[in-house]
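Proteins come first, then strands; the chains are lettered A, B, ... in the order of their sequence lines, and each starts at number 1. In this text the structure is predicted, and so the values were computed from the model without any measurement.
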Amino acid sequence: MPVTARPLAGSFYRRDAADVAPDLLNKVIVHAGRAARIVEVEAYRGVDDPGSHAYRGRTPRNATMFGPPGRLYVYFVYGMHWCANAVCGDDGEAMAVLLRAAAPLRGLEAMRALRPSARRDRDLCSGPAKLCQALGLDGSHDGADLVAPGGGVRIVADGTAPPTEPGRSARVGLSTGADLVLRWFVPGDPNLTPGTKVMLIRG
DNA sequence: ACCGGGATGTTCT
DNA sequence: GAACATCCCGGTG
């Protein structure tokens, strides 16, 4: 099962984030005995992407984005929330895929304990900060190696293929770079970010 | 269901 | 001082 499966290879991440992102749909993120199937992601394409943290160059906060790929980039936002990305591309390209929503698979009791405000299980991981809360990811996991066999945070394949026709839309919550269509999701999944379940673009 | 506002503090201008 | 890759709660329909 997911908890013992092998992580994705390093070559999986060493591609453009816009190519990695749809391939991450239906993969499984595993941490601390909990597992969830990724159903919504966004690509951030480095120093040329006005919506990316890397757009204004390297800072202490975004250093993990600049490589190597296959690491977890975890950042703090709005004074209280953590969000997690998989670093992609070549070293220095500063690309990443934001993990926006997931379907809880395993360790639901622990997730409920970490997210007491979640009324239903579909509220456990239905947003980037909720996902981090439910899985117990925070700043201490920034830079974690996703590729290492014995690593604490892993992204694994359990045999479920990504959707043949993923839903696509603009990215959520941005003031700049909001026109780019760099969000992918599993159409109709109940765990998507609330208010974004409509498929805006096909293909 | 949908909408509006407040929480909360790091980061960079 | 402003912005911020968000979430939650309490209103209304």
| task | Take the protein atom CG of Leu180(A) and the nucleotide atom C1' of dA5(C), then report the distance between them rounded to whole Å. | result | 13 Å
| Interatomic distance where CG belongs to Leu99(A) and C1' belongs to dT6(C) [whole Å] | 15 Å
| query | To the nearest angstrom, how far is Gln133(A) atom CD from dT6(C) atom P? | reply | 14 Å
| message | Can you tell me the base-pairing partner of dA2(C)? Count Watson-Crick or G-U wobble geometry only, both distances below 3.5 Å, and say none if there is no partner. | response | dT11(B)
| said: Quick check: on DNA chain C, is the nucleotide nearest Asp123(A) upstream (toward 5') of the one nearest Tyr73(A), or the reverse? Name the residue that is more 5'. | reply: Tyr73(A)
| remark: All heavy atoms of Asn191(A) vs all of Ala102(A), minimum pair found to be CB-O, 3.3 Å
| said: If the cut-off is 4.0 Å, is Arg115(A) near the phosphate of dC8(C), judged by side-chain N/O to OP1 or OP2? | reply: yes
| query | Rounding to a whole Å, what distance do you find between Tyr78(A):OH and dC8(C):C1'? | reply | 14 Å
| message | In terms of relative ring orientation, are Trp82(A) and Phe76(A) parallel, tilted or perpendicular, with 30° and 60° separating the classes? | response | tilted
| query | Are any of Ser175(A)'s side-chain N or O atoms less than 4.0 Å away from OP1 or OP2 of dC4(C)? | reply | yes
| task | Report yes or no: does Arg115(A) contribute a side-chain atom to a donor-acceptor pair with the main-chain N or O of Leu124(A) at less than 3.5 Å? | result | yes
| Pairwise distance CG(Asp19(A)) to CG(Leu24(A)) - rounded to 0.5 angstrom | 11.5 Å
| field | Identified pairing partner of dG11(C), criterion: Watson-Crick or G-U wobble below 3.5 Å | value | dC2(B)
| remark: Rounded to whole Å, CG of Leu124(A) lies from P of dC8(C) at a distance of 10 Å
| task | Please confirm whether the backbone N or O of Asn26(A) pairs with a side-chain atom of Thr160(A), one donor and one acceptor, at under 3.5 Å? | result | no
| Could you state the OH-P distance from Tyr44(A) to dC4(C), rounded to the nearest angstrom? | 12 Å
| field | Atom pair distance, as rounded to whole Å: OH in Tyr75(A) and P in dC4(C) | value | 12 Å
| said: I'd like the 5' and 3' limits of the part of DNA chain B contacted by chain A, with heavy-atom contacts below 4.0 Å. | reply: dA7(B) to dC12(B)
| query | Cation-pi between Arg71(A) and Tyr73(A): NZ/CZ under 6.0 Å from ring centre and within 45° of the ring axis? | reply | no
| message | Using a heavy-atom cut-off of 4.0 Å across all strands, would you classify Arg119(A) as base, sugar-phosphate, or nothing? | response | nothing
| Side-chain donor/acceptor of Asn62(A) to backbone N/O of His53(A), under 3.5 Å | yes
| query | With sugar-phosphate meaning primed atoms plus P, OP1 and OP2, does Gly51(A) contact a base, only sugar-phosphate, or nothing at under 4.0 Å between heavy atoms? | reply | base
| note | Between NE2 of His53(A) and P of dA3(C) the distance, given in whole Å, is 15 Å
